[in-house]
Visitor: 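Could you have a look at this structure, given as structure tokens, before my questions?
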Amino acid sequence: MAKGLFPRAWVKKSFYFQARISFVRVKYLFLTWLTVLVGSWVIYVQYSTYTELCRGHECRNTICDKYRRGIIDGSACSSLCDKETLYLGRCLSTLPNNQVYTGSWGDRDGIIRCKLGEVVHYELGEEPEPRREVPVFDKPTRGTSVEKFREMVFNHLKSKLGEQANLASLVSQILSVADGNKDGRVSLPEARSTWALLQMHEVLLGLLLQDRGHTPRLLGYCGDLYMTERVHYGPLYGLSLPWPLVSWVPSSVQRTMDQWFTPSWPRKAKISMGLLELVEDIFHGTYGSFLICDLAAAHFGYTDRHELRLTDARAVVSEDEFRRSMRLLKCETDADCVYGVDCQTSCDLAEKRCREEPLQPNLAKACGTLKDYLLRGAPSGLREELERQLYACMALKGNAGQMNMEHSLILNNLKALLWRQISHTKDS
């Protein structure tokens with residue numbers, strides 16, 4: 001009897017074992033299929049995103065077509081279109097109509113930017129629709145004299161910066177940049193390129209601030225494509241997380257992680273001095289006063305010598321333009337009176353209009369940005385005094401009666417405190 005049962009039990013176990021193997025095979029086959037499906041979708045999304053964001057070839061072709069037709073000219077046109085010694089490298093674009101690439105031009109590395117119209121529709125396997133052309137190269141018109149162009153530039157700067165005593169010298173500086181081939185005259189194609197560049201806020205602000213070393217220098221241009229010096233270290237601090245992780249990591253954890261990825265303290269002090277000097281130079285500067293309306297670390301970087309650079313001048317606005325914009329805003333509460341990210345005024349409840357006076361000066365916001373950056377790793381003998389000065393700085397108000405004097409006093413004290421710590425080190 002027992003002998004008869006053994007084969008039957010063995011058959012049942014064998015059947016069960018084979019069924020389990022079949023189940024495992026189906027399971028792994030399904031997982032493999034799912035992995036291929038998800039992987040294909042990710043590749044498709046990445047490819048679609050890349051082809052929409054990274055359109056450098058289209059930008060180059062458009063610019064070079066206009067250059068060869070004699071519509072535009074500039075210091076980089078020949079190298080980009082004829083000699084092909086100006087190369088577009090890695091794509092850094094985050095918006096389809098604002099192309100950003102690393103670039104090389106001979107022995108110089110830089111960042112190349114170019115404006116494009118938006119692609120309306122795009123599907124895998126299809127050609128992108130033609131970009132919507134914007135007539136950016138229609139001024140100045142044929143027959144415009146150099147003196148008339150000088151007047152155009154002067155009036156444009158006046159509309160952006162207000163009445164300033166040094167506007168004439170700034171116009172001369174811009175006309176010098178406009179003479180791309182350095183032949184002593186500005187041709188109509190060069191003037192068209194220059195006019196297109198001046199319509200871009202970040203280019204105009206970059207030209208205003210580059211002589212003081214606060215922004216990357218303009219290396220060359222062709223139409224509205226331009227190349228600036230590359231700032232190799234950025235953002236100012238922190239780590240750029242991949243987009244899938246950004247929404248999952250709490251902001252408090254991100255702030256803590258940001259402070260891990262910073263240079264040594266003496267080098268942080270030198271970089272911080274650069275930010276304080278930027279604030280000093282744009283507070284009643286050569287061409288008026290300016291406000292920094294977004295002090296995010298991503299807008300700043302630093303060089304090999306730990307010198308601060310403002311890498312995105314779109315965060316800066318002239319005080320004259322700021323006041324004009326705030327006058328036009330209607331409001332119910334103070335929260336309605338915000339320009340950019342963090343330039344705020346108060347609401348006049350009687351008039352239902354925003355007031356013009358900013359609530360916080362640049363220095364107070366800069367000190368808020370630097371607080372965690374400087375206090376982490378600060379020398380023990382310095383920490384208490386540094387913290388006291390930073391909090392006094394953060395308490396500054398834009399409408400204080402003695403703001404100018406108080407602003408200068410706090411700024412000088414803070415710079416002196418940092419300088420005493422690093423003046424004897426190699427980082428100074």
Visitor: Give me the ring orientation class for Y302 and Y233: parallel if the planes are under 30° apart, tilted from 30 to 60°, perpendicular past 60°.
Guide: parallel
Visitor: Answer yes when R324 and D320 have at least one side-chain N-carboxylate O distance shorter than 4.0 Å, and no when they do not.
Guide: yes
Visitor: On a heavy-atom basis, which atom in T102 and which in L92 lie closest, and how many Å separate them?
Guide: CG2-CD1, 3.8 Å
Visitor: Take E356 and F322 through the side chain to side chain contact (heavy atoms under 4.5 Å, CB included) test and state the conclusion after the steps.
Guide: CA-CA 8 Å; E356 300 177 20; F322 171 79; over 6 Å; no
Visitor: Of all heavy-atom pairs between I292 and D342, which one has the smallest distance, and what is that distance?
Guide: O-OD1, 3.9 Å
Visitor: For a 4.5 angstrom cut-off between non-hydrogen side-chain atoms, does L209 reach I282?
Guide: yes
Visitor: Of the options L208, L275, V316, L278, which is the one that meets H214 in a side chain to side chain contact (heavy atoms under 4.5 Å, CB included)?
Guide: L278
Visitor: State whether E357 and R323 are salt-bridged, where the test is any N-O pair (Lys NZ or Arg NE/NH1/NH2 against Asp/Glu carboxylate O) under 4.0 Å.
Guide: yes
Visitor: With a 4.5 Å limit on heavy-atom distance, are the side chains of T85 and W105 in contact?
Guide: yes
Visitor: Any idea which heavy atoms bring Q360 and L396 closest together, and the distance?
Guide: CG-O, 3.9 Å
Visitor: Would you indicate whether the side-chain heavy atoms of N166 and Y287 approach each other to under 4.5 Å?
Guide: yes
Visitor: Quick one: do C293 and C343 satisfy disulfide (SG to SG under 2.5 Å)? Show the steps, please.
Guide: CA-CA 5 Å; C293 291; C343 283; 2.1 Å; yes
Visitor: How about V153 and R150: do any of their side-chain heavy atoms sit closer than 4.5 Å?
Guide: no
Visitor: Check the pair L207, L170 against side chain to side chain contact (heavy atoms under 4.5 Å, CB included), reporting the backbone distance first and the verdict last.
Guide: CA-CA 9 Å; L207 289 170; L170 179 59; 5.7 Å; no
Visitor: Distance check, rounded to the nearest 0.5 Å: Q99 atom CD versus D224 atom CG?
Guide: 11.5 Å
Visitor: In terms of heavy-atom contacts, does CZ of R212 have more than 12 from other residues, nucleotides or ligands at under 6.0 Å?
Guide: no
Visitor: Can you check side chain to side chain contact (heavy atoms under 4.5 Å, CB included) on E321 and Y339, steps first, answer last?
Guide: CA-CA 11 Å; E321 186 174 344; Y339 185 102; 4.1 Å; yes
Visitor: Do you know which two heavy atoms are closest between C222 and I63, and how far apart they sit?
Guide: SG-CG2, 3.5 Å
Visitor: Would a distance-only check, ignoring hydrogens and angles, find a side-chain to backbone donor-acceptor pair under 3.5 Å from S172 to A168?
Guide: yes
Visitor: So does E280 pair up with K415, basic N to acidic O under 4.0 Å?
Guide: yes
Visitor: Does Q210 use its side chain to pair, donor to acceptor, with the backbone of L218 at less than 3.5 Å?
Guide: yes
Visitor: Answer yes or no: is there an ion pair linking E190 with R192, defined by an N-O contact shorter than 4.0 Å?
Guide: no
Visitor: Does any part of the side chain of S176, heavy atoms only, come nearer than 4.5 Å to the side chain of K182, both counted from C-beta?
Guide: yes
Visitor: SG-SG distance between C367 and C393 under 2.5 Å?
Guide: yes
Visitor: Output yes when a side-chain donor or acceptor of D179 lies under 3.5 Å from a complementary backbone atom of D183, and no otherwise.
Guide: yes
Visitor: Could you give all pairs that pass the ring-ring contact (aromatic ring centres under 6.0 Å, His included) test and reach residues 159-184, with sequence neighbours left out?
Guide: none
Visitor: So, H156 side chain and L198 main chain: donor-acceptor pair closer than 3.5 Å or not?
Guide: yes
Visitor: Atom CE of M227 and atom CZ of R113: how far apart are they, to the nearest 0.5 Å?
Guide: 11.5 Å
Visitor: Nearest 0.5 Å, please: how far is CG in L386 from CG in L382?
Guide: 5.0 Å
Visitor: Answer yes or no: is there a donor N or O on one side and an acceptor on the other, between the side chain of S104 and the main chain of D109, under 3.5 Å?
Guide: no
Visitor: Using a strict cut-off of less than 4.0 Å between a Lys/Arg side-chain nitrogen and an Asp/Glu carboxylate oxygen, indicate whether R376 and D372 qualify as a salt bridge.
Guide: no
Visitor: Do the side chain of R68 and the main chain of C81 share a donor and acceptor less than 3.5 angstrom apart?
Guide: yes
Visitor: Is any side-chain N of the basic residue among R60 and E84 closer than 4.0 Å to the acidic one's carboxylate O?
Guide: yes
Visitor: Once you round to the nearest 0.5 Å, how far does CZ of R305 lie from OG1 of T303?
Guide: 7.0 Å
Visitor: Can any side-chain N or O of K397 pair as donor or acceptor with the backbone N or O of L359 at less than 3.5 Å?
Guide: no
Visitor: Has the side chain of T62 got a donor or acceptor atom that lies under 3.5 Å from a matching backbone atom of E58?
Guide: yes
Visitor: Kindly determine whether C347 and C337 satisfy disulfide (SG to SG under 2.5 Å), including the steps that lead there.
Guide: CA-CA 7 Å; C347 180; C337 300; 4.7 Å; no
Visitor: Are the side chains of D336 and L329 in contact, using a 4.5 Å heavy-atom criterion?
Guide: no
Visitor: Side-chain donor-acceptor pair under 3.5 Å between D304 and H232, yes or no?
Guide: no
Visitor: I'd like to know if the side chain of S93 and the backbone of L95 have a donor-acceptor N/O pair within less than 3.5 Å.
Guide: no
Visitor: Within 45° of the axis and under 6.0 Å from the centre of the six-membered ring of F137, does NZ or CZ of K66 qualify?
Guide: no
Visitor: Do the side chains of K115 and E202 get close enough for a salt bridge, i.e. N-O under 4.0 angstrom?
Guide: yes
Visitor: Say you draw a straight line from CG of L370 to CE of M273; how long is it, rounded to the nearest 0.5 Å?
Guide: 11.5 Å
Visitor: Check for a donor-acceptor pair, side chain of R383 on one end and backbone N or O of L375 on the other, with a separation under 3.5 Å.
Guide: yes
Visitor: Of all heavy-atom pairs between V146 and V186, which one has the smallest distance, and what is that distance?
Guide: CG2-O, 4.1 Å
Visitor: Just do the disulfide (SG to SG under 2.5 Å) check on C354 and C331 with the steps written out, would you?
Guide: CA-CA 6 Å; C354 293; C331 63; 4.1 Å; no
Visitor: CZ/R217 to CG/L219 distance, rounded to the nearest 0.5 angstrom?
Guide: 8.5 Å
Visitor: Going by heavy atoms in the side chains, are P216 and I111 under 4.5 Å from each other?
Guide: no
Visitor: For the residue pair T345 and R355, confirm or rule out a side-chain donor-acceptor distance under 3.5 Å.
Guide: no
Visitor: Taking all non-hydrogen atoms of both residues, which atom of R69 and which atom of D65 are closest, and how far apart?
Guide: NH1-OD2, 2.8 Å
Visitor: Using the side chain to side chain contact (heavy atoms under 4.5 Å, CB included) criterion, which residues pair with R353? Sequence neighbours excluded.
Guide: K330, E351
Visitor: Is any side-chain heavy atom of K160 closer than 4.5 Å to one of L204?
Guide: yes
Visitor: Kindly determine whether R90 and Y101 satisfy side chain to side chain contact (heavy atoms under 4.5 Å, CB included), including the steps that lead there.
Guide: CA-CA 5 Å; R90 185 162 56 93; Y101 280 78; over 6 Å; no
